[in-house]
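As structure tokens, the structure follows; a few thoughts come after it.
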Amino acid sequence: MLDLKFIRENSEKVKEAIKNKREKLDLDVILNLDEQRRKILLEAESLRQKRNEFSKIIAQMKKEGKNTDKEIAQMKTVSDRITVLDQNLRDVEQQLEQWLLRVPNVPHPSVPVGEDESANKLVKEWGEIKKLDFKPLPHWELGRILGILDLERASKISGSGFIVFTGKGALLERSLINFMLDLHTQKHGYKEIFPPYLVNRDSMTGTGQLPKLEEDMYLLKNDDYFLIPTAEVPLTNLHRDEILKAEGLPIYYTAYTACFRREAGAYGKETKGMIRVHQFDKVELVKIVEPQNSYDELEKLLQNAEEVLQLLGLPYRVRLLCTGDLSFAAAKCYDIEVWAPGVEKYLEVSSNSNFEDFQARRIGIKYKPTPNSKPELVHTLNGSGVALPRTVIGILENYQTAKGTVVIPEVLRPYMHGISELT
RNA sequence: GGAGAGGUGGCCGAGCGGCUGAAGGCAGCUGCCUGCUAAGCAGUUGUGGGGGAAACUCCACCCCGGGUUCGAAUCCCGGCCUCUCCGCCA
């Protein structure tokens with residue numbers, strides 16, 4: 001959420017951002033409501049002031065045994081007017097709130113303006129794409145041959161877009177989770193969290209999934225709980241409505257969770273294999289930092305995520321998203337994409353974003369730069385470090401051999417009871 | 001799921017319907033004093049919003065939302081959360 005004052009004073013800039021992010025929103029409605037609000041507020045507050053003054057007078061008169069009928073009758077009409085104004089104010093503020101939640105964050109100046117994916121800027125390519133002397137198989141073939149992936153039974157017990165890992169496949173999944181968590185906690189200084197997978201509506205609104213993306217979320221209607229689409233939601237909301245101490249910043253959190261996405265409207269796209277699924281595992285990174293550091297922190301966050309792929313020896317590229325591809329709440333975002341030779345595609349495994357104070361304002365995370373200063377909003381960031389099924393795809397397809405076996409990357413072997421190859 | 005207790009400022013804790021943004025204590029900050037430390041004395045310390053160039057000023061907030069009243073932290077209704085006991089359960 002943007003600051004109403006900021007919107008008032010920078011309306012052209014915000015309109016530009018709405019356009020570049022391809023959102024549809026009439027900002028004038030908000031500016032109008034804002035004006036109404038302040039007008040009502042002015043009248044209501046001056047009436048309140050009057051009422052407070054008379055309240056004291058009435059109390060004093062009663063003490064002195066004077067008749068207060070006239071004053072009370074007068075205040076009755078004042079109170080009635082206040083009631084009406086309050087009702088109006090409530091209506092206006094409710095509308096305003098609903099509109100404000102739909103205003104996207106303003107992209108950082110370094111973000112390229114563009115319509116869609118094609119305008120994203122390539123910033124890095126890492127690793128070598130190996131030349132194979134055989135035709136690489138897609139992961140679903142490898143998974144079937146090796147007996148580690150059972151997509152048929154997954155769709156029997158749940159439906160399409162679900163995965164069953166079996167045997168060493170399950171072990172590989174678990175090993176990757178542990179490897180990543182160890183890397184981030186031991187080497188990069190993140191604190192490990194194990195949060196709930198079900199969160200309430202406030203949390204989903206706080207990080208910006210709601211109201212815009214409600215259709216993409218799994219909702220438990222009986223209890224109004226949402227299944228988290230990413231650990232970003234519980235992690236960033238941990239400090240909702242808190243004022244943090246400056247010396248406690250930056251905060252680095254990492255968590256493994258399952259993630260749940262309906263992928264509504266995505267049917268027909270990447271339905272084969274496990275490129276796009278409704279439930280997947282992910283290790284997430286979240287940072288809460290002082291505003292002046294947030295762009296340095298973004299670069300470091302990106303490096304932390306990249307290191308996962310470097311250690312796994314998977315070729316990848318990094319792209320800076322253009323305005324049209326940038327998510328609603330983000331000011332700047334780098335995607336990391338792993339090369340998958342079996343499907344001959346780059347697959348997005350990590351998205352690293354700086355939200356500046358956009359989420360912090362929604363959920364009320366502030367800090368005091370010095371013990372005596374006024375609270376200021378923090379900046380929040382998050383990145384995937386990294387998402388699993390596609391990383392597994394990367395491993396299977398990149399490390400496959402002509403015999404149809406898959407070599408296990410060195411760093412994972414200690415986690416896999418020393419297994420060096422899936423046969 | 002059943003029965004009970006409770007939710008007040010950074011923390012502890014008081015609060016007859018008006019004089020309470022809220023006693024008192026602790027912690028923090030600022031002065032004074034003291035050869036360090038500790039103690040002592042005085043002052044000060046919440047958040048959000050409106051108006052103002054500013055000094056400043058006004059309004060709201062005692063879990064949340066309604067209501068009663070001229071006036072509510074204080075009364076009434078609904079909700080959420082915490083704790084204790086019983087039941088059920090991986």
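All chains are named by letter (A, B, ...) in the order of the sequence lines, taking the proteins before the strands, and each is independently numbered beginning at 1.
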>> So that I can tick it off, tell me whether A:Arg362 and A:Asp357 are bridged by a salt bridge, with the cut-off set at under 4.0 angstrom between side-chain N and carboxylate O.
In response: no

> Any side-chain donor paired with an acceptor under 3.5 Å for A:Glu356 and A:His379?
Replying inline: no

>> Please give me every residue in residues 203-211 of chain A whose heavy atoms get under 4.0 Å of an atom in RNA chain B, ordered by residue number.
In response: none

>> Given B:rC58, B:rG48, B:rG50, identify the nucleotide with an atom nearest to the side chain of A:Arg38.
In response: B:rG50

> What residues form a salt bridge (Lys or Arg N to Asp or Glu O under 4.0 Å) with A:Glu53, not counting sequence neighbours?
Replying inline: none

> Between atom CG in A:Asp3 and atom P in B:rG48, what is the gap in whole Å?
Replying inline: 12 Å

> Going by the angle between their ring planes, with limits at 30° and 60°, are A:Phe260 and A:Tyr218 parallel, tilted or perpendicular?
Replying inline: perpendicular

>> Is the phosphate of B:rC58 approached by A:Lys50 (side-chain N or O, under 4.0 Å from OP1 or OP2)?
In response: no

> Over how many whole Å does the gap from A:Arg201 atom CZ to B:rC80 atom P extend?
Replying inline: 15 Å

>> Please determine whether a side-chain nitrogen or oxygen atom of A:Ser79 lies at a distance below 4.0 Å from atom OP1 or OP2 of B:rG71.
In response: yes

> Should B:rU69 form a Watson-Crick or G-U wobble pair with both distances under 3.5 Å, which nucleotide is its partner?
Replying inline: none

> Looking only at side-chain N and O atoms, does A:Lys368 come under 4.0 Å of OP1 or OP2 in B:rU47?
Replying inline: yes

>> Going by salt bridge (Lys or Arg N to Asp or Glu O under 4.0 Å), name the residues that satisfy it together with A:Asp281, two or more places apart in sequence or in a different chain.
In response: none

> In terms of side-chain heavy atoms, does A:Thr405 have a donor or acceptor partner in A:Glu421 at a distance below 3.5 Å?
Replying inline: yes

>> Pairing check on B:rU37: which nucleotide meets the Watson-Crick or G-U wobble criteria with it, both distances under 3.5 Å?
In response: none

> When you compare B:rG13 with B:rC85, how far apart are their C1' atoms, in angstrom units rounded to a whole number?
Replying inline: 27 Å

>> Taking the P atom in each of B:rG87 and B:rC80, what is the distance between them to the nearest angstrom?
In response: 25 Å

>> For residues 301-313 of chain A, which residue pairs pass the side chain to side chain donor-acceptor pair (under 3.5 Å) check, not counting sequence neighbours?
In response: A:Lys124-A:Glu306, A:Lys187-A:Glu307, A:His188-A:Glu307, A:Tyr190-A:Asn304, A:Glu306-A:Tyr316, A:Gln310-A:Tyr316

> With rounding to whole Å, what would you report as the distance between B:rU30 and B:rU20 at their P atoms?
Replying inline: 30 Å

> Between A:Lys287 and A:Thr380, does any side-chain donor sit less than 3.5 Å from a side-chain acceptor?
Replying inline: no

> Paired with B:rC29: which nucleotide, if any, by Watson-Crick or G-U wobble criteria at under 3.5 Å for both distances?
Replying inline: B:rG43

> What nucleic acid atoms does A:Lys39 come within less than 4.0 Å of, heavy atoms only: base, sugar-phosphate, or nothing?
Replying inline: nothing

> Does B:rG48 pair with anything, Watson-Crick or G-U wobble, both distances under 3.5 Å, and if so, with which nucleotide?
Replying inline: B:rC59

> Quick one: A:Asn67 CG to B:rC70 C1', roughly how many Å, whole number?
Replying inline: 13 Å

> Using a distance-only test with no angle check, is there a side-chain donor-acceptor pair under 3.5 angstrom linking A:Ser294 and A:Asn354?
Replying inline: yes

> Can you tell me how far P of B:rC80 sits from CG of A:Asp223, to the nearest Å?
Replying inline: 11 Å

> Looking at A:Tyr253, does the NZ or CZ of A:Lys191 lie under 6.0 angstrom from its six-membered ring centre and within 45 degrees of the ring axis?
Replying inline: no

> Watson-Crick or G-U wobble partner for B:rG24, using a 3.5 Å limit on both distances?
Replying inline: B:rC12

> Which base sits across from B:rA53 as a Watson-Crick or G-U pair, both distances under 3.5 Å?
Replying inline: none

> Considering heavy-atom distances to RNA chain B, does A:Leu42 or A:Ser373 have its closest nucleotide positioned more toward the 5' end?
Replying inline: A:Ser373

>> Please give the distance between the C1' atoms of B:rC16 and B:rG71 as a whole number of Å.
In response: 16 Å

> Could you give the NZ-to-C1' distance, from A:Lys62 to B:rG17, as a whole number of Å?
Replying inline: 11 Å

>> Of the options B:rC70, B:rU47, B:rG49, whose atoms approach the side-chain atoms of A:Leu41 most closely?
In response: B:rG49

>> If I pick the C1' atom on B:rU47 and the same atom on B:rC63, what distance separates them, to the nearest angstrom?
In response: 15 Å

>> Quick check: on RNA chain B, is the nucleotide nearest A:Lys56 upstream (toward 5') of the one nearest A:Arg37, or the reverse? Name the residue that is more 5'.
In response: A:Lys56

>> Just to be sure I understand the rule, does A:Lys374 reach a base, reach only the sugar-phosphate, or reach nothing, if contact means heavy atoms closer than 4.0 Å?
In response: sugar-phosphate

> Distance between the P atoms of B:rC75 and B:rA5, in whole angstroms?
Replying inline: 15 Å

> Can you check the A:Leu47 CG to B:rC70 C1' distance for me, whole Å?
Replying inline: 14 Å

>> Please report the distance separating the P of B:rG21 from the corresponding atom of B:rA60, rounded so that it comes out in whole Å.
In response: 9 Å

>> Please name the nucleotide paired to B:rC19 by Watson-Crick or G-U wobble geometry with both distances under 3.5 Å, or report none.
In response: none

>> Please report the distance, rounded to the nearest Å, between CZ in A:Arg362 and C1' in B:rG48.
In response: 19 Å

> Would you call the rings of A:Phe358 and A:Phe328 parallel, tilted or perpendicular if under 30° counts as parallel and over 60° as perpendicular?
Replying inline: perpendicular

>> I'd like the P distance from B:rA54 over to B:rG65, given in whole Å.
In response: 31 Å

> For the pair made of OH in A:Tyr367 and C1' in B:rU47, what is the distance, rounded to whole Å?
Replying inline: 18 Å

> Now, which nucleotide makes the Watson-Crick or G-U wobble pair with B:rC85, with each of the two distances under 3.5 Å?
Replying inline: B:rG2

> If you check the A:Lys63 side chain, which of B:rC19, B:rU47, B:rG71 turns out closest?
Replying inline: B:rC19

>> Taking salt bridge (Lys or Arg N to Asp or Glu O under 4.0 Å) as the definition, give me every residue that meets it alongside A:Asp325, ordered by chain and number, with sequence neighbours left out.
In response: none

Give each protein N/O atom lying under 3.5 Å from an N/O atom of nucleotides 60-68 of chain B, with the pair distance.
{"residue": "B:rG66", "atom": "OP1", "partner": "A:Arg90", "partner atom": "NE", "Å": "3.3"}

